[in-house]
Structure formats: C-alpha cells, structure tokens
Amino acid sequence: MSSQRKQYPFSYFEPKWQHRWAESQTYRTPNPGDDGFDASKPKYYVLDMFPYPSGEGLHVGHPEGYTATDILARWHRMRGYNVLHPMGWDAFGLPAEQYAVKTGQHPAATTARNVARFKIQLERIGFSYDWSREVNTTDPDYVRWTQWIFLQIYNAWFNPETNRAELINTYQGNDPDSVRLAYVAEMPVNWCPALGTVLANEEVVDGKSEVGGFPVERRPMRQWMLRITAFAERLLAGLVPLDWPESIKLLQKNWIGRSEGAFVKFAVENSEHRIPIEIYTTRPDTLFGATYMVLAPEHPLVATITTPEQKEAVENYIQTIASKSERDRQDASHEKTGVFTGASAINPVNEERIPIWIADYVLTGYGTGAIMAVPAHDDRDYEFAKKFHLPIQEVVRPIAPTFQEQTSEKQVAENTSLGGITSEEFAPGGIIPGGTGVPPVIHPIPQPSPPSCFTGEGIAINSGLLTGLPTADAKRKITTWLEERSLGRAAVQYKLRDWLFSRQRYWGEPFPIIWENGHHRALNASELPVRLPELDDFKPTGTAEPPLAKAKDWVHYSDTATRELNTMPQWAGSCWYYLRFCDPQNSSQFISKETAHYWLGDGKRTPGGVDLYVGGTEHAVLHLLYSRFWHMVIYDLGHLPTPEPFQRLVNQGIILGNDGQKMSKSRGNVVNPDEVIHDYGADAFRLYEMFMGPLEQMKPWSMKGVEGVYRFLARVWRLVMHETPDGEWQLIEALADIPPTPTQLRVLHATIKKVTADLGTLSFNTAIAQMMVCVNELTAAEKRPIAALRTLLILLSPFAPHIADELWEQLGKKFAEFEGHAHTQTWPQHDESLLIENEVEIVLQINGKVRGKLTVSKNAERARIEAAARADEKFSAHLQGKEILKVIVVPGKLVNFAVKN
RNA sequence: GCCGGCGUGGCGGAAUGGCAGACGCAACGGACUUAAAAUCCGUAGGAGCGAAAGCUCCGUGGGGGUUCGACUCCCCCCGCCGGCACCA
C-alpha cells in the first residue's frame with residue numbers, strides 16, 4: 001500500500017492542518033477571567049483516562065477512546081460549548097523503575113523520552129487537546145499538590161456523627177492518630193522478594209506479582225493506610241445518580257460488598273472462666289441451627305481456648321496454614337480443612353453446647369474472624385460439616401415448593417426427610433419454644449445426610465421463638481431479642497478494606513511526613529514538594545527497607561527527625577489529575593475555587609464534575625473508587641464544589657488483532673498507529689477506529705476495514721476535487737451553486753438528523769454509515785450542489801477534521817459560502833418536513849409473513865389502506881378461501897391479515 | 001461456584017415489537033484500459049422451482065412461551081468473554 005499512489009493527498013494536508021491548529025492555538029481553552037473567555041456558553045468537560053507512557057509507544061487501543069472523545073469535543077465546540085479536553089501523563093510507575101534497575105538510566109529520563117514519543121503520536125492523529133493544560137504526575141509542580149492532598153487526608157478524620165471528613169482538630173479524643181484518614185498500621189502485606197517491594201492486592205494475580213510473575217508471600221509490615229472504609233456507605237450511595245454503565249456500578253457495589261447482619265456473642269465453656277467470642281452473621285435467624293463454631297486460624301483467642309489435648313493438632317494446623325501461599329489458601333475449590341480446638345461454646349439462644357473448630361475457610365480480615373456454623377443453610381458450613389461429621393440442623397423451610405419439588409415425588413420425599421422433620425413439627429412440640437428450656441432436636445451422628453443445604457429465605461422451623469416466622473421477620477425478632485440481653489447487636493459489614501497506600505519503591509511521590517521519637521508528623525505546606533533524592537543505583541535494598549533508605553542525606557531531616565522512606569502508589573497521581581486540568585498552572589492552589597466551580601459545576605444539577613469520562617474497564621473498580629474517595633474527602637473539607645468526580649462514564653472495548661486474539665508482541669498481531677497513519681492518513685485511522693463497531697464492544701482490527709473508510713474519504717474528496725493529467729488537484733467542474741434536488745435534500749437532512757442523534761448516544765459507527773449513504777447519493781449526481789457539500793463537510797468535520805478543513809478551504813477559493821473553517825461552523829439542524837415522503841411503501845402480510853407490497857399516500861387512513869390491500873390482485877389471491885380473523889393496520893408501515901389455517 | 005455481558009451472512013456489524021442483514025469488507029459480473037491497479041455501474045443470506053418476470057420453503061446459538069406479528073419481551077438450556085472468588 002505504501003508504494004501505491006494516494007487517492008487524495010492526505011500526507012500533504014494532514015500535517016499542514018495540524019501545524020496550523022497548533023500555531024493558532026485553535027484548541028486552547030481559556031479559563032474564566034482569561035482573555036477570550038465567553039461566560040455565556042455552557043461548559044463541557046470531556047476527559048480521557050490519561051495513559052502510562054510506556055516504552056512500547058501508543059497502540060491502536062489507546063486512540064479508540066481518544067478518538068471518540070475528540071469527536072465529541074469538536075462536536076460540542078461547534079454547538080457552542082466551552083470545551084475542556086485535556087491530556088496528560090500518568091508517569092510514575094514500576095516499569096520505568098525496573099528499567100532503571102536494569103540499565104542504570106534514571107526513570108525521569110526514560111519517562112521524558114516516552115512522554116515525548118506518546119505526544120508526537122497523539123499529535124499525528126489530529127486530536128484537539130488543549131496542550132497548554134498538559135500535566136505530568138512526576139512533575140514536581142504536580143507532586144507538590146499530590147502531597148498537599150495527602151496532607152489534607154492526613155489532617156482529617158471521619159466524624160461518624162456528621163458522616164463526613166472533618167479537620168483533625170475537631171476530634172475530641174486524646175489520640176488523634178488513631179482516627180486520621182491516613183494512618184500507620186502493622187499489616188500483613190504482599191511481599192515480593194524478587195521485586196523487593198510490597199504489592200497491593202490488586203497487583204497480585206494468582207499468588208504472583210502482576211508485573212513479572214514473581215512469587216508473593218504474606219508478611220507483616222508497617223504501612224500507611226487510607227481509611228476508605230469509613231466512606232463505604234457514601235461510596236455506595238453516591239453511585240446511584242451517576243450515569244455509569246450499570247455493570248460498572250455493580251462491580252463497585254460488589255467490591256464494596258455491603259452486608260447487613262448481627263454480631264452475636266457466644267460464651268466459651270472453659271474450666272476457668274467464660275470468654276465471649278463474637279461472631280458476625282448475616283443470618284441471625286438461623287442461630288438455632290448453629291451446630292458448631294469456627295475461628296480463623298489467626299484468631300487471637302485460639303491459643304487461649306485450645307485444650308491441652310488438642311494443642312498439638314491446633315499448632316500443627318496453624319503451621320500448615322501459615323506455610324500455604326495466599327493463592328492456595330484463597331482457592332475456594334480446595335477441600336475444607338480444619339481441626340477441633342477441644343473447646344465448646346454455648347449458643348446464647350438455646351444454651352446448647354457446640355464445638356469450636358478452627359479452619360482456614362474463615363477469614364481473619366472480615367467480620368470478627370469467627371463464625372457460627374449453620375450447615376443446613378450455608379454451603380461452606382455444610383461442606384465442612386459433612387467432611388467432619390458434624391451435626392446438621394434444619395431451621396428454615398422454603399416458603400413455596402420449587403417447581404421440581406412439585407413435579408418430582410422423589411424430591412418431595414427427600415425434602416421431607418431433610419433433618420427428619422415432618423410438617424406436623426411446625427407446631428411447637430418437638431422443638432424448643434423460646435425460653436422453655438426444652439432441649440432442641442439435634443440429630444446424633446450418623447444421620448441420613450440431607451441431599452443439599454438450603455441457603456435461601458423461608459419460614460423458620462425448629463427455632464423456638466422464631467418458629468413460623470418468615471426470614472426477614474425472624475432476623476428482626478432475634479436481633480431485638482439479642483440486643484435486649486446484650487448478647488448481640490445489628491451490624492453492617494463491608495468487604496472493602498482500607499487502602500494500603502505505601503510502596504517500597506523509588507519512582508513515586510515521597511510522603512510529606514517525617515518521623516521523630518517514633519511518631520510521624522506532617523511537613524508544612526511550605527516545605528512541599530518533597531522531591532525525590534538523586535540515586536545512582538535503583539536496585540531494591542533486598543530488605544524491607546525502601547530504596548529511598550540509600551539516600552542518607554535526604555533521609556536525615558534534622559538531628560532528631562528522619563523522612564518517611566515509602567513512596568505513594570501509582571494511583572495517587574491519577575486520583576486527582578482531572579482536577580488539575582482545570583487550573584494546571586496555579587502555583588498557590590491545587591485548583592482555584594473559580595475554575596473548579598466553572599469546569600466541574602456547582603454539583604446541584606449533577607453530582608459529578610466531569611461531563612464524560614472515557615476509558616477501559618480495567619479501571620472499573622480501583623482507579624474510579626480511589627478517585628471518588630479522594631474527591632469526597634476534599635469535597636468534605638470544602639475545597640470542591642461537587643461531591644463526585646465523574647458524572648458520565650463510558651468504557652471503550654478492547655481492540656483485538658486481525659486474528660481475533662488479544663494484541664500482544666508474542667502473537668505478532670500488534671497494529672502500530674504510526675504505520676496506519678503513514679499509509680492511509682489520520683482521518684482514515686480515526687474514522688476506522690469509530691467505524692469498527694460500537695465503542696463499548698470488543699472488536700478485531702482489520703486493515704481491509706481501514707481501506708474501506710479510506711475509500712470513503714477518497715469519495716468525499718472526489719466529490720469536490722479531481723486530478724489533472726499532470727498530477728495537480730483541482731476543483732471539479734460539476735460544482736454548482738444550485739439548490740439540491742428534493743431527494744438530495746431528504747438524504748442530507750436524514751443525515752443531519754442521524755449523525756446528530758448518533759453522536760448523542762456515542763453510536764459513531766452508524767453515524768459514519770449514514771454519511772456514507774449521503775456521499776453515495778451525492779456521487780451519483782451530475783451536478784454537485786455546494787450547499788449540500790457544505791453541510792456534509794460540517795458533519796464530517798468532528799470525525800475527519802483534516803479533510804473537512806482542506807476541502808472547505810479549497811471550496812472557499814471559488815465559493816463565498818465557505819468562509820472560515822469547517823470546524824468553526826455552527827452545527828446544522830435538520831428540517832423534519834423535508835424527511836416526509838408523500839408516498840410510502842407499506843408491507844402486506846398474512847399471519848406476519850410478507851406477501852406483497854403497496855405504495856400509498858403517506859396520510860392514507862386505515863380503512864383506505866385495508867381496502868387497497870384487498871384490491872391488490874396478487875395479494876388478495878393469497879386470501880382466497882381463508883377465514884379472516886383480524887386485520888391489523890399500522891399506518892405508514894404495514895397491513896397484516898390474521899387468517900385461520 | 002456466584003455476578004455481569006455477548007451469540008445475526010464468508011467477515012466487521014445494522015435494525016422505537018412491524019420488509020432481518022443498513023453501511024463497510026471480501027466475492028462475482030460489467031464499463032474504462034493494450035493489460036493490470038485504481039475508479040465507476042451492477043449482483044449478492046441459504047436451499048429449491050422456473051426459459052424468464054418471478055415463486056416457494058428455511059433462516060438472528062438451541063428448546064419452549066406471549067403476540068396478528070419476536071433478533072427484539074418472558075422461561076429453560078448451550079457456548080464464548082469479563083469480573084469476583086470460602087466476605088459468613
């Protein structure tokens with residue numbers, strides 16, 4: 001292809017326009033108060049997820065979302081909006097540091113090189129970014145504010161009474177460090193010996209490091225944590241009014257993992273004294289079915305309660321668990337393991353003695369690290385009970401028999417035998433009524449194993465005071481009962497954990513924190529930014545000491561104080577970059593009140609500040625959740641006008657290789673944008689990215705497809721230009737300042753209508769298809785009405801801005817209608833009256849099958865349409881001898897005769 | 001295992017419950033050309049009948065249902081992709 005003659009001179013005019021746009025600062029967006037700012041226009045903030053500038057350069061996946069947002073940015077400018085459309089670099093990160101370890105090259109140097117390359121690549125695509133707002137997370141002027149925001153978090157606490165972050169000095173307790181939103185804790189972390197660093201949970205995949213695939217082990221370490229869990233409820237509730245895909249909201253919701261239940265105290269029966277063990281359950285209604293208890297192996301009371309006889313077995317078990325990798329432990333498919341501690345607990349609702357086990361299926365980090373086991377109504381407990389022959393006590397019956405139970409005699413029989421309880425036992429009798437002291441029926445081992453356990457909701461049975469109550473009522477009643485006796489209380493739990501915020505790395509933001517006499521202390525804002533020290537060796541220390549420990553002078557803050565050695569994770573910089581874009585050069589604030597208020601809005605109409613945020617699903621949970629959390633804290637502290645960062649979110653789909661496989665170097669199916677642009681031009685590249693299919697869908701790349709849209713653009717070019725024998729491009733003779741034909745007008749206005757509507761729904765592929773229809777129509781015409789071409793070029797301009805501006809300029813040489821540029825024109829509006837056809841073709845159906853067609857006047861009435869259908873000879877032949885049951889007439893569409901066969 | 005998403009020609013994909021396959025790719029036929037490429041015009045879901053105009057049947061992963069009418073709505077099943085993975 002590259003050797004082939006070009007169908008239109010894109011390699012001449014695309015760079016030409018890119019230079020012109022850059023020189024005239026066409027896409028610079030003034031802020032409120034700046035010269036050229038028009039306060040009367042509405043604002044539109046359209047944002048891309050900024051890239052990590054890797055050494056690989058751009059691949060065709062990046063520009064997919066970028067092209068979509070660029071089209072929308074350009075479209076909104078043409079519709080009279082002030083558009084904020086910036087780009088920057090998420091430039092801290094592990095790859096640059098690993099490269100530095102290998103080559104000794106400073107990460108700042110490689111990062112700068114990669115950024116330069118990425119920028120050139122983006123510029124070649126003709127994106128309309130306001131480059132005067134470019135930010136780089138590694139820039140000290142940016143780091144200053146990342147550190148400043150960290151200090152806001154550090155100097156804040158979550159006040160449960162106001163349900164918001166407040167300054168730490170409003171805290172009345174005597175140990176403020178215990179409630180700060182940034183705190184230090186000894187945490188079991190993912191220590192990766194090969195990388196010499198800890199990793200966040202999300203950086204560990206299948207027990208190995210996401211980067212490099214090295215083994216990861218658990219090890220306790222002193223870490224900075226951010227108290228994101230305090231905001232769990234608001235992070236959950238805040239999702240509701242956001243215009244995000246429901247699937248993404250669900251992912252976040254599940255990640256936060258809210259559950260309602262109760263804490264319940266069980267007393268341990270011990271020769272010495274009674275120690276209460278607190279458990280968490282979401283099903284307090286099944287308390288009467290608790291036949292044993294399980295503690296996590298790491299539970300602090302394990303050593304205390306274990307009997308001398310069981311000591312050895314318990315210790316061996318704990319040893320085995322400790323030596324297991326996190327991966328093996330987390331693997332839910334492995335068989336349940338555990339040992340008996342020898343101790344027993346008393347079930348508070350029925351005074352029943354139940355054994356206490358330890359098992360690794362109970363996790364330390366959730367709830368209280370201890371559970372009551374109800375094998376009849378919990379899959380895990382059921383599996384465990386079967387394996388260790390523990391009793392199973394049914395306490396909930398399904399309300400309605402299932403379909404299978406209704407139809408299968410066998411199932412009914414089996415169900416009745418479940419727990420050996422018949423329907424008569426619903427009435428008090430064999431079961432403990434509340435407080436009567438009658439012992440519960442716990443079946444001895446061995447017993448016939450129930451066929452399965454029932455985890456749904458139903459009616460309580462065998463449950464004393466709860467018997468006969470539906471699950472929801474039973475939960476309420478037993479919780480009240482427990483609360484009255486101080487045996488338990490209602491509680492809400494979340495799966496969400498606090499955010500492990502420190503990394504033992506070089507290439508990240510240093511903490512603005514020093515240590516003095518064993519206490520941490522914040523630096524003053526005036527001391528920011530804390531810059532990274534120079535190092536000539538970036539290798540991990542090999543111990544848990546971060547690389548910054550090597551910079552002895554830097555570490556020494558004063559004779560009594562040393563600097564924090566950890567750095568922040570990569571998420572830190574990307575948590576707030578969308579804010580800095582509003583006011584990137586502000587040296588006294590991270591964002592001014594005025595710019596924040598303008599670009600983010602007042603938070604009243606919509607909670608989110610950014611109007612549209614486009615990026616990959618891989619950030620569905622962490623980046624978006626962390627950003628929301630930071631935003632919330634800064635908002636609470638009064639620095640931001642909106643409670644949420646991103647109002648509308650769209651995920652672009654992954655672009656696969658030609659072979660339908662994920663693009664990767666090893667498969668050799670990676671497409672380089674530079675080559676595509678060299679061969680077909682930036683406009684064709686942009687157009688193909690959008691024409692492939694729906695933005696959100698995964699789809700394979702096809703060079704043939706690129707050629708298709710390239711040919712389309714060449715057809716547009718030839719609507720206006722032709723090549724002379726000596727290779728010059730000239731305006732064609734057929735251009736004429738004449739009114740378009742009615743058909744042309746109809747197609748043109750249908751195109752205005754469809755392109756406009758499709759841009760609103762981000763259906764770029766169908767918008768382009770409609771423009772193709774329009775071009776096909778105009779190509780067929782002998783005379784080319786310039787009014788039609790004018791509109792077409794305006795519509796095309798957001799998609800293919802170079803060719804639109806070039807043809808506009810060419811036409812402007814001859815026709816006065818082409819003033820200025822295509823991209824500065826006002827977006828056209830369609831005229832609905834031009835779309836209406838006087839004659840419409842309607843379909844004649846029999847029982848829904850097409851049996852004929854008929855052309856009628858557009859406003860023909862039902863009766864006339866039906867009569868016309870009956871009068872149609874060919875069609876009515878099909879009706880011969882049939883009994884007509886019903887006639888459906890949809891005016892302008894069809895007539896359907898329902899007949900009896 | 002649980003939760004989401006998706007299954008439409010040879011391919012990418014279109015279709016407020018109303019003519020399935022818009023638009024593009026690949027293919028085929030024609031025009032232009034010494035020839036090819038490019039371009040332009042045209043054909044085209046599959047099977048069958050017909051000399052032809054045309055006609056019939058089958059078709060949106062599979063099976064049922066609702067409806068005059070289902071790619072579209074409901075139920076069950078299968079396959080692929082993504083997320084979570086013992087969260088009590």
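In what follows, every chain begins at residue 1, and chains take the letters A, B, ... in the order their sequences are listed.
Remark: C1' of B:C6 and CE of A:M698 are 10 Å apart, rounded to the nearest angstrom. Computed from coordinates, the A:E707 CD to B:C25 C1' distance equals 9 Å when rounded to whole Å. Atom CH2 in A:W357 sits about 17 Å away from atom C1' in B:C86, given to the nearest Å. The CD atom of A:E278 sits 16 Å away from the P atom of B:A88 (whole-angstrom rounding). To the nearest angstrom, P of B:A22 lies 17 Å from CG of A:D758. Atom CG in A:N776 sits roughly 13 Å away from atom C1' in B:G42 (whole-Å rounding). Between the P atom of B:G18 and the CG atom of A:N896 lies a distance of 13 Å, rounded to the nearest Å. We find that CE of A:M692 is positioned 12 Å from P of B:A14, with the value rounded to whole Å.
Among the nucleotides B:G12, B:G18, B:U56, the one closest to any side-chain atom of A:K893 is B:G18. Minimum atom distance to the side chain of A:S247 is reached by B:G4, of the listed B:G4, B:G18, B:G24. Listed nucleotides B:C68, B:A88, B:C19 differ in distance to A:E841; the shortest reach to its side chain belongs to B:C19. Checking B:U39, B:U56, B:C19 against every side-chain atom of A:R711, the shortest atom distance belongs to B:U39. For A:R715, the listed nucleotide lying nearest its side chain is B:C41; candidates were B:C41, B:G18, B:A88. Listed nucleotides B:C68, B:C55, B:C84 differ in distance to A:K874; the shortest reach to its side chain belongs to B:C55. Of the candidate nucleotides B:G13, B:C23, B:A88, B:A88 has the atom lying nearest to any side-chain atom of A:I371. The nucleotide whose nearest atom lies closest to any side-chain atom of A:T779 is, among B:G4, B:C41, B:C86, B:C41. Closest contact between the side chain of A:V843 and the listed nucleotides B:G13, B:A88, B:C19 involves B:C19. When the nucleotides B:C58, B:G18, B:C55 are ranked by their closest atom to the side chain of A:K849, B:C58 comes out on top.
In summary, the side chains of A:E298 and A:T364 do present a donor paired with an acceptor at a separation below 3.5 Å, with no hydrogens or angles considered. A:S702 and A:Y688 are not linked by any side-chain donor-acceptor pair at a separation below 3.5 angstrom, with hydrogens and angles left out of the test. Of the N and O atoms on the side chains of A:D381 and A:Y361, at least one donor lies less than 3.5 Å from an acceptor on the other residue.
Remark: B:C40 base-pairs with B:G30; criterion is Watson-Crick or G-U wobble with both hydrogen-bond distances under 3.5 Å. Figure legend. B:C57 is base-paired to B:G46; pairs are counted as Watson-Crick or G-U wobble with both atom distances under 3.5 Å. For B:G7, the paired base is B:C78 (Watson-Crick or G-U wobble, both distances below 3.5 Å). The partner of B:C2, taking Watson-Crick or G-U wobble pairs whose two distances both stay under 3.5 Å, is B:G83. In this structure, B:A22 forms no base pair with any nucleotide, since neither Watson-Crick nor G-U wobble geometry is met with both distances under 3.5 Å.
Mapping A:K853 and A:H878 onto RNA chain B via the closest heavy atom, the residue that lands nearer the 5' end is A:K853. Taking for each of A:N254 and A:Y494 the nucleotide of RNA chain B with the nearest heavy atom, the 5'-most of the two is the partner of A:N254.
When the C1' atom is used for both B:C73 and B:G18, the distance is 15 Å, rounded to whole Å. Across B:G69 and B:A14, the matching P atoms stand 28 Å from one another, rounded to whole Å. The C1' atoms of B:G7 and B:C11 are separated by 15 Å, rounded to the nearest whole Å. Distance check on atom C1': B:C76 versus B:A27 gives 40 Å, rounded to whole Å. Nucleotides B:G13 and B:G45 have their C1' atoms positioned 15 Å apart, rounded to a whole Å. Spacing of P atoms, B:C3 relative to B:C86, comes out at 16 Å, to the nearest Å. Only the C1' atoms considered, B:G9 is 24 Å distant from B:G5, to the nearest whole Å. If you take atom P in B:G29 and the same atom in B:A44, they sit 15 Å apart, rounded to whole Å.
Applying the 4.0 Å criterion to OP1 and OP2 of B:C40, one finds that A:R718 has a side-chain N or O inside that range. In this model, the phosphate group of B:G13 is approached by a side-chain N or O of A:Q697 to a distance below 4.0 Å at OP1 or OP2. Side-chain N/O atoms of A:Y366 include one lying less than 4.0 angstrom from OP1 or OP2 on B:A88. Using a 4.0 Å cut-off, some side-chain N or O of A:Q7 falls inside it from OP1 or OP2 of B:U39. Taking side-chain N and O atoms only, A:N765 has a distance below 4.0 Å to OP1 or OP2 of B:A14.
Among the heavy atoms of the strands lying under 4.0 Å from A:V362 is at least one base atom, whether or not backbone atoms are also near. Contact annotation for A:L894: base contact, defined as any heavy-atom pair under 4.0 Å involving a base atom. Within the 4.0 angstrom heavy-atom criterion, only backbone atoms of the sugar-phosphate kind lie near A:R851; the bases stay farther away. As judged by a 4.0 angstrom heavy-atom cut-off over every strand, A:K704 is placed among residues touching the sugar-phosphate backbone only. Nucleic acid contact for A:T617: none, since no nucleic acid atom lies under 4.0 Å from a heavy atom of the residue. Backbone-only contact: A:L250 has heavy atoms under 4.0 Å from sugar-phosphate atoms and none from a base.
In this structure, B:G9 is classed as syn because its glycosidic torsion stays within 90° of zero.
The aromatic rings of A:H878 and A:F875 are tilted relative to each other, their planes meeting at an angle between 30° and 60°. Ring-plane geometry between A:F454 and A:H377 is classed as perpendicular, the angle between the planes exceeding 60 degrees on a 0 to 90 degree scale with a lower cut at 30.
Salt-bridge formation is detected for the pair A:K336/A:E383: a Lys NZ or Arg NE/NH1/NH2 atom is positioned less than 4.0 Å from an Asp or Glu carboxylate oxygen. Of the charged side-chain nitrogens involved, none lies within less than 4.0 Å of a carboxylate oxygen, so that A:E866 and A:R862 do not count as a salt-bridged pair.
You'll find the side chain of A:I371 stays beyond 4.5 Å of the side chain of A:M293, heavy atoms only.
Ring-centre distance between A:F384 and A:Y292: below the 6.0 Å cut-off.
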